[in-house]
Amino acid sequence: QVHLVESGGGLVQAGASLSLSCAPSGGIFISNAVTWFRQAPGKEREFVAGISWTGGGARYADYVKGRFTISRDNARNTVYLQMDNLKPEDAAVYYCAVTPRLPAGVVHTTESEMDYWGQGTQVTVSS
C-alpha cells in the first residue's frame, strides 16, 4: 500500500505562485511516475501534469502549460508542482497519484490508470 501526502496549498491572489509537494508516507515511490490532478467544485477531476521516475518526459495539460512546472527530487523522494501566474480557474483540490503497475518511464495522464492517491491539498485563487 502506498500512502501519498500532498502539501503546499493555500489562498493566494491571482498572479501569485504556489509550490505543491507530494511525498509518500511509506512504501515505494521513488521508482514510479507521478501525476498531478485537480478537481474544482462541481467539476470532474482533470489531469494537470506528470513526470516519469527519471524526471524526464514531463507532460502538461494545455491549460497549465507555460505556468506550471513539475519536478522531482528522488533523493528526497518528493515530487513538486510549481505553479506560477495562478488564475482563479486554477482553484481546486490538487491530488498526486501513482500507478506502480504501469511503466515508470512513461507519464500516465488518465485518472482510471491511477492506483494510489493522496488526500489532496486545497488551492484557492482570489481575483
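Listed here is the closest heavy atom pair of Ala104 and Ser31: CB-O, 2.9 Å.
Between the side chain of His108 and the main chain of Val98, no donor-acceptor pair closer than 3.5 Å is present. Judged by distance alone, the side chain of Arg72 and the main-chain N or O of Ser52 form a donor-acceptor pair under 3.5 Å. At least one donor-acceptor pair closer than 3.5 Å links the side chain of Asp90 to the backbone N or O of Lys87. Checking side-chain atoms of Glu6 against main-chain N and O of Cys96 turns up a donor-acceptor pair under 3.5 Å.
Clustering of Ile, Leu, Val, Met, Phe, Trp and Tyr side chains at separations under 4.5 Å places Tyr95 together with Phe37, Phe47, Val93, Met114, Trp117.
Contacts of Thr109 classified as side-chain hydrogen bond (donor to acceptor under 3.5 Å, both in side chains), with partners at least two apart in sequence or in another chain: none. Remark: Ser19 pairs with Gln82 by the side-chain contact (heavy atoms from CB on, under 4.5 Å) rule, at least two apart or across chains. Residues meeting the side-chain contact (heavy atoms from CB on, under 4.5 Å) test with Thr124, sequence neighbours left out: Leu11, Gln122. With sequence neighbours excluded, the residues forming a salt bridge (charged side-chain N to carboxylate O under 4.0 Å, His left out) with Lys65 are Asp62, listed by chain and number. For the side-chain contact (heavy atoms from CB on, under 4.5 Å) test, residues two or more places apart in sequence or in another chain that qualify with Asp73 are Ala75, Arg76, Tyr80. For Thr110, the side-chain contact (heavy atoms from CB on, under 4.5 Å) partners two or more places apart in sequence, or in a different chain, are Ser112, Glu113. Partners of Ser17 under the side-chain hydrogen bond (donor to acceptor under 3.5 Å, both in side chains) rule, at least two apart in sequence or in another chain, are Asp84.
Within the structure, the salt bridge (charged side-chain N to carboxylate O under 4.0 Å, His left out) test picks out the following pairs touching residues 93-112 (sequence neighbours left out): Arg45-Glu111, Arg101-Asp115.
Hydrophobic clustering, with ILVMFWY side chains joined whenever heavy atoms are under 4.5 angstrom apart, groups Trp36 together with Val12. Val34 and Val106 fall into different hydrophobic clusters, where Ile, Leu, Val, Met, Phe, Trp and Tyr side chains are chained together by heavy-atom contacts under 4.5 Å. Leu81 and Val107 fall into different hydrophobic clusters, where Ile, Leu, Val, Met, Phe, Trp and Tyr side chains are chained together by heavy-atom contacts under 4.5 Å. Cluster annotation: Val48 is connected to Val123 through the hydrophobic network of ILVMFWY side chains, with a link wherever side-chain heavy atoms come within less than 4.5 Å.
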Query raised in the report: Does the pair Val79 and Ile51 meet the rule for a side chain to side chain contact (heavy atoms under 4.5 Å, CB included), with working shown?
Result: CA-CA 9 Å; Val79 170; Ile51 191 167; 4.2 Å; yes
Query raised in the report: Would Tyr116 and Thr99 count as a side chain to side chain contact (heavy atoms under 4.5 Å, CB included) if you check the C-alpha gap in whole Å, the side-chain angles of each, and the deciding distance to 0.1 Å?
Result: CA-CA 6 Å; Tyr116 301 105; Thr99 176; over 6 Å; no
Query raised in the report: Yes or no on side chain to side chain contact (heavy atoms under 4.5 Å, CB included) for Phe68 and Asn85, after CA distance, side-chain angles and deciding distance?
Result: CA-CA 8 Å; Phe68 289 14; Asn85 190 22; over 6 Å; no
